[in-house]
Structure formats: C-alpha cells, structure tokens
Asker: 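Right, I'll just put the structure down here and ask away after.
Per chain, numbering begins at 1; letters A, B, ... match sequence-line order. Heavy atoms only: backbone and side chains are in, while hydrogens, waters and symmetry mates are out. Not measured: the values here are computed from a predicted model.
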Amino acid sequence: MNSIRKIIHIDMDAFFASVEQRDQPEYRGRPVIVGGSPDSRGVVCTASYEARRFGVHSAMSSAQAYRLCPQGIFLPPRFQAYKQVSMQIREIFFEYTDLVEPLSLDEAYLDVTRNRQGMPSATIIAQEIRRKIREETGLTSSAGVSFNKFLAKVASDVNKPDGIKVVPPEEAEAFIAALPIENFYGVGKVTARKMRQFGIRTGADLKRFRPEDLIAIFGKNGWFYYEIAHGIDRRKVCPVWNRKSIGKEVTLEHDIDDIDDINTILHDLAAEVAKELQRHRLQGKTVTLKVKYADFQSITRSKTQAEDIAAAAQIVPLLPELLAKTEAGSRKVRLLGITVSSFPAPIAAEMVYQPELPF
Amino acid sequence: MKLTVKKDKLQKALGKVCNIIGSKSTLPVLANVLFEAKGGILTLTTTDLELRITTSVEADIEREGITTIPAKRINSLVSKFIDENVTLDCNEKHHTDIVCGTAKFKLLGLPSDDFPPPVEFSPIKQIKFKEVDFNRILDQISYAVSLDDSRKVLHGILCSVNENTFTAVATDGKRLALVERAPEEFSGQEGDTIIPLKSANELKRVLEKDGEVLLELGEKQARFRTSRVDIFTKLIEGNYPNYRQVIPAGFTKQVEIPVADFVSKLELVSIALSDNSAFIKMSFENGKLNLMATSVSVGEGADYINVDYEGEKMDISFNPVFLADPFRHTDADKIIMKMNDGFSPVAMESGDGFLYVIMPMRNR
C-alpha cells in the first residue's frame, strides 16, 4: 500500500470467434461458434456476439448451442492462429512494461505504475494499447483500468466489447458496493449460493460483514472476501505465472463403464500429464483423479505422498487406489482427468503476503 | 548582540535544535537558528513550521540582542572548534563574527523579524511523566508508525487519557503497538491527541535520564516541556481508527517466549531470507517452537527454541521485521504470545502495559 498502483486488464473481445471472422470475411456479422461440432459431445469455446444474442455462451455443450442457434456457423478451433495473435498482442504490452501477466491467450494484467514511456496516465496507455491491437491484428479488445487486479479485471467487463472502464480510487467504494457478488473474483456458483443464503447479493452487502464472521462462514477465504469488499487486493502482477497444478482431462465420445477402457484412458492421460510436468520442469506430490459421471455429477479423489512425482510410472501405481474410491465402472463415466499438484516451496514463497489488521 | 558562551554547551544546544533543519525550505530563514541573548541566557530556536524547538544555555552577555545564523554552518564550525569559549558578535546587518581561540569567522544571517513567531494555543490537558518513562513509552511503540500509509492519522502516535490511564498507540495498519501507563500527573479533559511521528522522535532525542516532561495538549497544537527544551508542534487532525476493534477478544493458545533466546535464533534464521517476499514461518509443536526461513534466491534456514506448548501443531508466518520489533524494544525477559489460529490477529504482551497485535502473513 506504499503508493497507488496502476493496473490494466486487457481482454480480447470474443477472441477465437473474432479471429475466425477476421480471417473469413463471409462470417462477419453472422453467429460464429468456435468449439466442438454440434453432433459431437464437445463444448463451445467462444461464441461471437451475434451468436451470444441467441443465448449461446462458452462452456455450453455444442449440442445445446445448436438447439439455440441452428443457423450458427460451427467451427473447430485453430489454436495455432490464436497463439500467433496472442504473441502479437503480448509484444504490444511489452512496449510499455515488463510486468505483464498473461492469464490465457486472450487476456493479461499489466502493471504500468512505472512504464517505459514514463506516461503518467494508465488510461491513455490502455487506449493506446487497444488502438495498436486494432491496427496490428484487426481485432477489438476491452480494458479495465484501476489500482488493483481485482478491480481492473471486473472493470474490463463493464464496457465490453471494444470499451474501456476506469475505476479510480475515489470511485472504487461505490463501484464495489454496486457489484453483484457473482462478479467477484474467486466467487463461484457454490460460494455465491452460500452468500445469498446470508443475504449477500452485492459488494455493499459483503462489506457489512465483520472479518471474523466471514471467516466463520467461508473459512480462510473469508479474509479474502473481506479485503476485496474493502477494495484491497495486494496481489502483484507476476510476469511468470506460477502454476499450481498441471492436469489433463478428456470428454469421452461415448459414456463408458468398462474398467479396462477406463484404465487405458487413464494411462494415456498419465503419460500426457508427465510430459507436461517435464516440459515445465515441475514435480508435485499430489495426484488427483477426476471423474464425471454420465449424469454430469463430478467428483475428485486425491492422494498426496512424500516423494515428488514427475513421471507416468509414478502416477500409474496410484490410480487403482484412487479409482476404487469412485463409482467408475459401476456407473457410466463421461469424463476422466488426472492432475498433479503440490509443487515445491519456492513457488509458494512468492505467494505469501501481508494482510491488514481488521480496522 | 555580543556574548561569550562555553563551546561544549553551545555544541550540545545546537545538537538539540538543528536536527529538524531541512535542506530545501521555501522560507530561507528556516535554514537558520534564531539566537536570542537576554538576562544571562542565550536561547536557540529552530522551526520547520510544523515543529518548533527551543533550548537555552547560560552565557556571558555583553550586549543583549537577537539574530539568525545559518544552522548547518554554525553547527559545523562549533563541532570543529577546539578552544573552550566561543564569542558571538552580531552587527546591525545581521553579520555575526564568531571567534574561538585563533579561529575567526563571519557568518551572514537574516533579520530575526523574518523568523516565524510561535503559535499561540490553549492546552486542554496537561500530562506529566518522568523523562525516562516517556522515553521508554515512545521507544516501545514508535517503530510501528509508517509514513507510507495513505491514512494521515496513522502518521502519528495516538495519546489518549481515560480514567487516569495514559494510552499511547502506533500502527501501520498491519501491526499495532500499544502502551498503557499511569502518568505522574494529569489535569484537564480526557480524550485523544495524535502527535506527528517526527515531533515524537524529536522529543525522544532530547529526553534525558533525570527530570520530567510536561505534555500540554491543545486541539491543534501541543507543547512538550522539559527543564532544558521546549517543543511546539502541530497535531494531526482527524479521528484515529478504533484500535480496540483489532484486538481479538479471546485466544485459544498462549505461549511464553523467552526474549533473548528468541531474538538470537530469529536473527540467525533470518540470514537465509532475501529482501523480496521475506517471511518467517513459526511452527509450534510439543515443547518446541520451530523457526523457518525460505527464500527463492538464497536458500533456507531453520532452528528452534524450547517453549511450553502442548496441543496440536500450529503453523503461522510473519513478516520478520514485524515479528522482531516488539522483542527488540522490550526490557522484559519473556513475552506472552496469544493466538487462535494461523491467520487471525496475534497478540503479544510483556506484562508492563505493553500490547502488540500483529497480522500473520498468508498464503494465497
């Protein structure tokens, strides 16, 4: 809290779909849906704004998207093309600062408190970046500008698409107060439901709670919610994103209950996860098995051990025990996943911070 | 003005008043010391407009008068003079001839009329402490003030009197230090006063082993008087946050920490820390307090001390400076640490009216 920071969150508008519309002019102005094909079991990655008007959104099953928008243009994702654009926009970010934290291919945080140009206004930087992105890639983006990551991220959504929202310190309180809790970072569906049970619908509601009460209700995340409600978010913009886990999962073409088939798939997943671990030079102590049953109910089972895991040969022996704690085989499964986590301490050290006393 | 003064006494007096002189002031006269010779006493005054410090020394005065002399120059001169007596002779142009033994100087001063007069105020309460006691109070808490925080009220020390208990509080929002003492004497209205850290530090500099200090506190101004020094200061206006609310109501765990042992082990283990993201992890388990430091760029270190702790293992992490501060500023042999869990505020008490509340560091 030494000095007020200047944080920008840049988010590309309907990224995958926009790249497709840029590259294939005949799709412009039409509902483009990038993701699995409607007759597959895949999901929607990105829907263009034209498709969103029909109620199509990302993570929805492609089959449902088709029911909502049968005239939609369904396209498979071209990750190579998206990656290339992602690199282009990152180059633009680096013109201003090294403190760039990419969250995915199409969004990033920038800390421009100190920037290469010595520009005092983060708003002008954000506008310049948006202009350069449009000129160099032909795509539009939205920006949120504020003094911490949480507010910048929420702000970038306010005037989307092709817009900017600035939340200066003096407006933060009112901005947070009016914010529905679903929009709070870290508040998922389950937490949101719990919050509604306690009458918390907006930031203003959340702010009325004392920190000890929030801890009693939400455990140690209570502190986080308390701070966020008071506009406090000390998370730094970390140029190197510290991974907390590496995982792979697969949605099966057909629901299966054959235990041999399940094992074959899990062995393949273990090999893929191990490959990723080696690529990132990481070793973890925890293996998590994820099973989604045919009725979409999802469960995870974990095992943590003393030795570090980096190879498939270390993951595979743990699988029978984890699998035995699921109903896979007796119930049909639609998705299987393996994740390795609990990476060693240096990563954790970067993530320790000093909270405020609850004044 | 013409006078002769003992060199040692003049040097000591200049030392008391010259510390607040800034290098770049908007008013040129603020870089000078006001010299006033009257009735056998030479009075020296400096001010930075927030704070005004006056002290006096006996002098052999041949001609009474008043002038101002550049502070940095005369301070340097007097500290290098080797003879016993210094003679100051000021003419009507405010040029002062300064002679000590064979050394002769002429310093160009400014008219004393330019020097800001003291601000009049009426005290609403008066508190008297032994100098040594008040020095102790300031020493036990003033490190917890941070001028980095955007809340101006936190840039000072809260002095509050209620039911003949004097409470001094300092906080930077992350930890809080508090001392409660009974003053030697008190009169006037009860209530809160916020003394700027700089003023408290200047007062601390001039407090000595014997004697008493009188705190005269008004609404916007205060005056601190000892037999040798008189300090006027502006106060910080505004409401200090309700510090009582950050002191947890109860604790489930209580551990006695031996001060000397703890400080030496803490300093040892801290060698493994780097400047960035430094924290000390404390781990309480049966009969032991483990101290662990890890840093990405240096490595890691661990040691432990024996403590009287039973029950489930508890881990808690602290900023190493925040953790060490109360231990470094105590006279006590033991500090009691009171906790609930690894992420709620922790209290430390040394049994002499001192209380410290600190927020543990947290993992994301």
Side-chain angles (χ1 to χ4, degrees), chain A residues 1-5 101 147-150 168-170 172-173 185-186 209-216 218-228 230-245 342-359, chain B residues 144 146-151 153-154 171-177 239-250 272-274 276-281 292-300 317-323 340-347 356-364:
Chain A
M1 138 143 229
N2 292 2
S3 59
I4 291 170
R5 294 184 293 161
E101 178 181 337
F147 55 92
N148 66 39
K149 285 167 88 171
F150 163 68
E170 63 273 16
E173 191 177 346
Y185 173 86
F209 279 72
R210 297 184 308 166
E212 52 267 43
D213 297 333
L214 291 175
I215 288 170
F218 302 107
K220 71 174 179 181
N221 282 340
W223 271 115
F224 182 72
Y225 301 138
Y226 172 81
E227 291 195 333
I228 291 282
H230 286 78
I232 301 167
D233 176 5
R234 258 175 288 274
R235 289 175 302 155
K236 286 182 187 160
V237 172
C238 302
V240 189
W241 179 49
N242 288 320
R243 278 176 168 274
K244 288 190 163 165
S245 65
S342 303
F343 299 135
I347 294 164
E350 295 285 316
M351 305 302 282
V352 173
Y353 72 106
Q354 174 69 57
E356 295 269 311
L357 284 165
F359 274 113
Chain B
S146 164
L147 302 184
D148 289 341
D149 200 284
S150 55
R151 289 165 286 187
V153 290
L154 299 189
T171 183
D172 59 6
K174 301 169 187 78
R175 37 75 179 266
L176 174 145
N239 291 322
Y240 203 80
N242 178 9
Y243 61 89
R244 295 277 170 202
Q245 78 183 26
V246 306
I247 304 170
L273 294 173
S274 63
N276 302 325
S277 68
F279 67 98
I280 291 280
K281 185 172 159 189
M292 284 159 282
T294 313
S295 102
V296 183
S297 54
V298 181
E300 56 189 55
S317 296
F318 293 105
N319 173 314
V321 175
F322 292 180
L323 179 61
N340 285 308
D341 49 50
F343 51 89
S344 298
V346 167
Y356 190 73
V357 180
I358 177 174
M359 199 67 193
M361 292 185 77
R362 273 175 50 208
N363 244 306
R364 293 197 193 290

Asker: Which region of B/Pro248, side chain (C-beta onward) or backbone (N, CA, C, O), has a non-hydrogen atom less than 4.5 Å from a non-hydrogen atom of chain A, or is it both or neither?
Answerer: neither
Asker: How long is the gap from CG on B/Asp172 to CG on A/Leu357, to the nearest 0.5 Å?
Answerer: 8.0 Å
Asker: Given that the side chain runs from C-beta out, which part of B/Ser146 has a heavy atom under 4.5 Å from chain A: side chain, backbone, both or neither?
Answerer: neither
Asker: Is it the side chain or the backbone of B/Leu147 that comes within 4.5 Å of chain A heavy atoms, both, or neither?
Answerer: neither
Asker: Taking A/Gln354 for the side chain and B/Phe279 for the main chain, is one N or O donor matched with an acceptor at less than 3.5 Å?
Answerer: no
Asker: Compare every heavy atom of B/Lys174 with every heavy atom of A/Pro355, then report the nearest pair and how far apart it is.
Answerer: O-CG, 3.9 Å
Asker: Give, for atom CG of B/Asn340 and atom CD of A/Glu212, the distance between the pair rounded to the nearest 0.5 Å.
Answerer: 10.5 Å
Asker: I'd like to know whether A/Phe359 forms a side chain to side chain contact (heavy atoms under 4.5 Å, CB included) with B/Leu154, so could you lay out the CA-CA distance, the side-chain angles of the two residues, the decisive distance to 0.1 Å, and finally the verdict.
Answerer: CA-CA 12 Å; A/Phe359 274 113; B/Leu154 299 189; 5.5 Å; no
Asker: Please classify the contact between B/Asn242 and chain A as side chain, backbone, both or neither, with a heavy-atom cut-off of under 4.5 Å.
Answerer: backbone
Asker: Who are the salt bridge (Lys or Arg N to Asp or Glu O under 4.0 Å) partners of B/Asp341, not counting sequence neighbours?
Answerer: none
Asker: Identify the two heavy atoms, one from A/Pro358 and one from B/Met359, that lie closest to each other, and give their separation to 0.1 Å.
Answerer: CD-SD, 4.3 Å
Asker: Could you state the interatomic distance from OG1 (B/Thr171) to CD (A/Glu356), rounded to the nearest 0.5 Å?
Answerer: 8.5 Å
Asker: Sequence neighbours excluded, which residues qualify as salt bridge (Lys or Arg N to Asp or Glu O under 4.0 Å) partners of A/Glu173?
Answerer: A/Lys207
Asker: What part of B/Tyr243 gets within 4.5 angstrom of chain A, counting heavy atoms only: side chain, backbone, both, or neither?
Answerer: both
Asker: Above 12 or not: heavy atoms from other molecules or residues under 6.0 Å from CD of B/Gln245?
Answerer: yes
